[in-house]
Structures are given as structure tokens and as C-alpha cells.
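Residue numbers count from 1 along this sequence.
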Amino acid sequence: MNLQHIPQIKHTDSGNFFLLAGPCAIEGEEMALRIAEKLVGITDNLKIPYVFKGSFKKANRSRIDSFSGIGDEKALKILRKVSETFHIPTVTDIHTNEDADKAAQYVDVLQIPAFLVRQTDLVVAAANTGKTVNLKKGQFMSPESMKHAVQKVLDCNNENVMVTDRGTMFGYQDMIVDFRGIPTMQQYASTVLDVTHSLQQPNQTAGVTGGRPDMIETVAKAGIAVGVDGIFIETHFDPANAKSDGANMLHLDYFEGLMNKLVAIRKTVNAF
């Protein structure tokens, strides 16, 4: 994948990793713009190619009474406003074939959730929009098996595809990252490490996913050291009260410090 195929992406010649970051879900216009403004300032200063991330709806919640969104069109219009306000690309996840065409009218990258990455019709629908497609590796899949998901996109005459590792199930209620999978998946496509989802603790008896945000820096540093192409991080200015996935998000106040460290590691890695 050539990063320059993503509209409005900046700093592609900096030698840095690229970044997909933002809130788990779009909760409203003010919160989305507030987070985007902070992240744009950080990434412009550090010359990190940046894509704003936000789900326009959450269709894979543990409980039926969990927050699922503020309305599809309303959230997608907010994503468009983020893009137009800060002149940056955006990414959102889709869950149905119909979502592909709908979301493609508003965002630049379509993301296939990990639980759905083997759904051929969904992957094909995303690929056929011509947008860049981000394939989340299923928690139940080997890195080697992701070559088939990538091939589905390529077979639709769409070469704009990336793969994101978001951890592998370890028992029933924990996730681990097998860093051996990163160079394996880089044989098939540009590879991203989803740091925050890799630290989830799913299947809790309360029906609310837990997490280990204290390990975000550790996993992110390791990913950069291994040579991952991109980093995915969900962040919020008030994770404790976020509508979705607050338990494993990085507080926005800590984002700049982490990026400074990751850029320094990347510079060292590039020297070898």
C-alpha cells in the first residue's frame, strides 16, 4: 500500500510510522473535534502521517443495552467535518455490505472489524468502493491466514489494503500480541499494530470489556522496535466516561509523551 493513495495524508516522506488514532466511537461533534485538534497538533509537530479514527456505530457490543452510536448519518457527517476542518483523512469501521457504500461517501479508509474479516461479501464490498481497506486480524486467526483476506481485496483490483494486528485470544478473558506475526503479515500488506485493542480483557461476566491501559507504552514501543508500519491507538480526554472501550484507551493527556518516545525509537530503528 502506498500511503499517498490516502487523500490529504501528510508527512509521508518523514520516515516515521503512520498513525490511526482517535476515539473508539463518535459521541458528538465537540468531542471529535477536540480530540482531532489535539492529535493533529502533535502529529504535525512530529511529522507523523495521521488518519483520524472514529466508529460511526458500534455493532459488536457485548450487551444489547451498550452504547451503539448517535445515529449513522449524524456520526458520518461529524467524521466529514473533522476531515474538512483539519484537512486530514479519516477511517471508520463497517459491519454490513450496505455500510460500505454509505461510509465511503464520508471517509477515506474503510475498516473491517476483526470478528468480520472472514466475511467475504463484506471485504469485497469495501474493496469495490475503491477506498483504502484496513483489515483487522481476527483474534482467532493466524498471521499467515491473513494473506487470504488481503487477496480478496487485491482480486477486486484494489491495491490499497493494510492489515492490523489487534492481538490474539489468550484463554477466555485476555489478549496477547505475538510479534512474530508482524513481519509475517508485512509479506502481504502494510501492517499496523492496534495497541489499545490488543490490551483488551474481553468476555467479562459484567458484559463490559476490561483492559490494561498501563501496558500501552510497553506494547507500542515493542511494535515500533519490531518495525511495524503503523500504529493504531484509541484515545479520549475522559476514558473513564467514554461511551465505548474506555477501559483500554489512552488518556489524551499522555498521547504526546508517548509519540515522542515512539518517534525516537523509530529514528533509531531506521539507522540500522
Side-chain angles (χ1 to χ4, degrees), residues 19-43 50-96 98-99 102-116 134 136 164 166 194-202 204 206-213 216 231-256 258-259:
L19 175 69
L20 285 70
C24 178
I26 299 297
E27 301 171 10
E29 182 176 303
E30 188 277 334
M31 68 84 68
L33 292 173
R34 177 177 172 182
I35 293 171
E37 182 177 26
K38 179 74 170 179
L39 296 180
V40 168
I42 293 168
T43 54
Y50 173 54
V51 181
F52 177 84
K53 184 270 168 186
S55 297
F56 77 95
K57 69 177 177 183
K58 301 298 294 181
N60 54 347
R61 307 307 306 278
S62 297
R63 294 178 3 187
I64 197 169
D65 60 346
S66 296
F67 174 82
S68 60
I70 60 174
D72 293 0
E73 188 173 3
K74 184 177 180 180
L76 286 167
K77 285 182 176 179
I78 290 171
L79 283 164
R80 175 186 282 169
K81 184 165 185 176
V82 167
S83 180
E84 292 174 348
T85 301
F86 299 106
H87 308 290
I88 54 172
T90 55
V91 55
T92 198
D93 13 23
I94 61 173
H95 301 85
T96 68
E98 293 74 23
D99 284 349
K102 178 166 58 177
Q105 299 175 52
Y106 296 89
V107 303
D108 304 292
V109 181
L110 299 178
Q111 182 168 284
I112 308 298
F115 284 127
L116 298 176
N134 182 23
K136 288 286 199 79
T164 295
R166 50 96 70 241
D194 180 345
V195 177
T196 46
H197 285 107
S198 296
L199 293 166
Q200 281 185 332
Q201 293 178 321
Q204 301 295 318
V208 178
T209 297
R212 290 290 308 275
I216 288 173
I231 290 288
F232 180 113
I233 295 179
E234 288 187 342
T235 185
H236 197 288
F237 48 80
D238 186 11
N241 291 301
K243 301 289 188 182
S244 177
D245 278 2
N248 55 270
M249 276 200 273
L250 178 67
H251 197 293
L252 192 60
D253 288 349
Y254 303 142
F255 208 94
E256 184 171 12
L258 177 60
M259 290 301 108

Would you compute the distance between atom [atom1] of [X] and atom [atom2] of [Y] and round it to the nearest 0.5 angstrom?
{"X": "L39", "Y": "Y50", "atom1": "CG", "atom2": "OH", "answer": "4.0 Å"}
{"X": "T164", "Y": "I112", "atom1": "OG1", "atom2": "CD1", "answer": "11.5 Å"}
{"X": "L79", "Y": "K77", "atom1": "CG", "atom2": "NZ", "answer": "13.0 Å"}
{"X": "E29", "Y": "I70", "atom1": "CD", "atom2": "CD1", "answer": "9.0 Å"}
{"X": "L76", "Y": "I26", "atom1": "CG", "atom2": "CD1", "answer": "9.0 Å"}
{"X": "D108", "Y": "F52", "atom1": "CG", "atom2": "CZ", "answer": "12.5 Å"}

Contact summary for [X] and [Y], nearest pair of heavy atoms:
{"X": "T235", "Y": "L250", "answer": "OG1-O, 2.7 Å"}
{"X": "L110", "Y": "A103", "answer": "CD2-CB, 3.8 Å"}
{"X": "E84", "Y": "H87", "answer": "O-CE1, 3.6 Å"}
{"X": "P113", "Y": "I94", "answer": "CD-O, 3.0 Å"}
{"X": "F56", "Y": "D93", "answer": "CE2-O, 3.3 Å"}
{"X": "H95", "Y": "K57", "answer": "CE1-O, 3.6 Å"}

request  = Mind checking side chain to side chain donor-acceptor pair (under 3.5 Å) for K136 and listing every partner two or more places apart, or none if nothing turns up?
outcome  = D194
ask   = Who are the side chain to side chain donor-acceptor pair (under 3.5 Å) partners of N241, not counting sequence neighbours?
value =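 Result, side chain to side chain donor-acceptor pair (under 3.5 Å) vs N241: D238.
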query = Do the side chains of L20 and I231 get nearer than 4.5 Å, heavy atoms only?
reply =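 Not in contact.
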ask   = Do the side chains of V82 and I88 get nearer than 4.5 Å, heavy atoms only?
value =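 The answer is yes, as the side chains (C-beta and beyond) meet within the 4.5 Å cut-off.
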query = What's the verdict on side-chain contact (heavy atoms from CB on, under 4.5 Å) for F255 and I233, showing C-alpha distance, side-chain angles and the deciding distance?
reply = CA-CA 9 Å; F255 208 94; I233 295 179; 3.8 Å; yes
Please check if the side chain of [X] supplies one atom and the backbone of [Y] the other of a donor-acceptor pair under 3.5 Å.
{"X": "T43", "Y": "V40", "result": "yes"}
{"X": "H251", "Y": "F237", "result": "yes"}
{"X": "T96", "Y": "D99", "result": "yes"}
{"X": "T196", "Y": "M249", "result": "no"}
{"X": "S83", "Y": "T90", "result": "no"}
{"X": "N248", "Y": "P213", "result": "no"}
{"X": "Y106", "Y": "K81", "result": "no"}

query = Is E98 salt-bridged to K102, going by a charged N under 4.0 Å from an acidic O?
reply =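 No, this pair does not count.
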Geometric cation-pi criterion R166 and F232, 6.0 Å radius, 45° cone =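 Here R166 fails the 6.0 Å and 45° test against F232.
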ask   = Which one of M31, K58, E27 satisfies the side chain to side chain contact (heavy atoms under 4.5 Å, CB included) criterion with K243?
value =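 Testing each of M31, K58, E27 against K243, the sole residue satisfying side chain to side chain contact (heavy atoms under 4.5 Å, CB included) is E27.
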